[in-house]
Amino acid sequence: LHSLLGVYCSAGLAAHAEEILMLSSSEFAVEPDAEAFTIVLGALEATEPEKYRQLWSTMLTSTAVRPTPEMLESALRVAIASEDARFAQSVLELMFELRTPPAESL
């Protein structure tokens with residue numbers, strides 16, 4: 001799954017990678033993990049902040065995946081870049097809950 005998602009994302013087809021990610025458990029009997037979400041979120045980070053936030057929300061509400069520190073920093077970068085205070089607050093609250101401080105560079 002990771003390789004397939006990586007190929008789609010590196011070809012600029014993050015939307016297709018997202019579709020595969022969402023179908024992976026029902027169509028391929030493979031539960032998406034943190035690495036799978038990291039691949040697709042990474043592809044969406046710079047170019048599609050709205051899709052990023054939607055996928056982030058789906059990950060948190062519909063899967064058992066817990067965000068890694070790297071994923072949290074990525075989400076905070078998206079919130080800052082898109083000037084989305086509500087998203088930034090939710091990410092910071094999650095960072096606090098998971099005891100993951102933001103990187104000094106942020």
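Computed over heavy atoms, backbone and side chain alike; hydrogens, waters and symmetry mates excluded.
- Atom OG of S26 and atom CD of E31 lie 9.5 Å apart (nearest 0.5 Å).
- To the nearest 0.5 Å, atom CD1 of residue I39 and atom CG of residue L44 are 12.0 Å apart.
- Applying the salt bridge (charged side-chain N to carboxylate O under 4.0 Å, His left out) test to D33 and every residue at least two apart in sequence or in another chain returns nothing.
- Once rounded to the nearest 0.5 Å, the distance linking OG1 of T61 with CH2 of W56 reads 12.0 Å.
- With sequence neighbours left out, the side chain to side chain contact (heavy atoms under 4.5 Å, CB included) criterion links F28 to I20, S24, V30.
- Note on residues 14-23: no pairs pass side chain to side chain donor-acceptor pair (under 3.5 Å), not counting sequence neighbours.
- Between V65 and P32, the shortest heavy-atom distance links the atoms CG2-O, 3.5 Å.
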Distance-only check: which donor-acceptor pairs under 3.5 Å involve side-chain atoms of residues 3-11, not counting sequence neighbours?
| from | atom 1 | to | atom 2 | distance (Å) |
| --- | --- | --- | --- | --- |
| S10 | OG | G6 | O | 2.6 |
| S10 | OG | V7 | O | 3.3 |

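- For V40 against A14, the heavy-atom pair with the smallest separation is CG1-O, 4.3 Å.
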Mind listing the side-chain donor-acceptor pairs of residues 69-78 below 3.5 Å, one per line with the distance, residues two or more places apart or on another chain?
| from | atom 1 | to | atom 2 | distance (Å) |
| --- | --- | --- | --- | --- |
| E70 | OE1 | T68 | OG1 | 3.4 |
| S74 | OG | E45 | OE1 | 2.9 |
| S74 | OG | Y52 | OH | 2.8 |
| R77 | NE | E45 | OE2 | 2.7 |
| R77 | NH2 | E45 | OE1 | 3.3 |
| R77 | NH2 | E45 | OE2 | 3.3 |

Considering only distance and modelled atom types, tabulate donor-acceptor pairs under 3.5 Å from the side chains of residues 98-106, sequence neighbours left out.
| from | atom 1 | to | atom 2 | distance (Å) |
| --- | --- | --- | --- | --- |
| T100 | OG1 | L98 | O | 3.3 |

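- Every side chain to side chain contact (heavy atoms under 4.5 Å, CB included) that Q54 has, sequence neighbours left out, goes to E50, K51.
- Here side chain to side chain donor-acceptor pair (under 3.5 Å) pairs that include residues 78-89, with residues two or more places apart or in two chains, are R53-S82, R53-D84, Q89-E93.
- Every residue two or more places apart in sequence or in another chain that forms a side chain to side chain contact (heavy atoms under 4.5 Å, CB included) with T58 is listed here: M22, S62.
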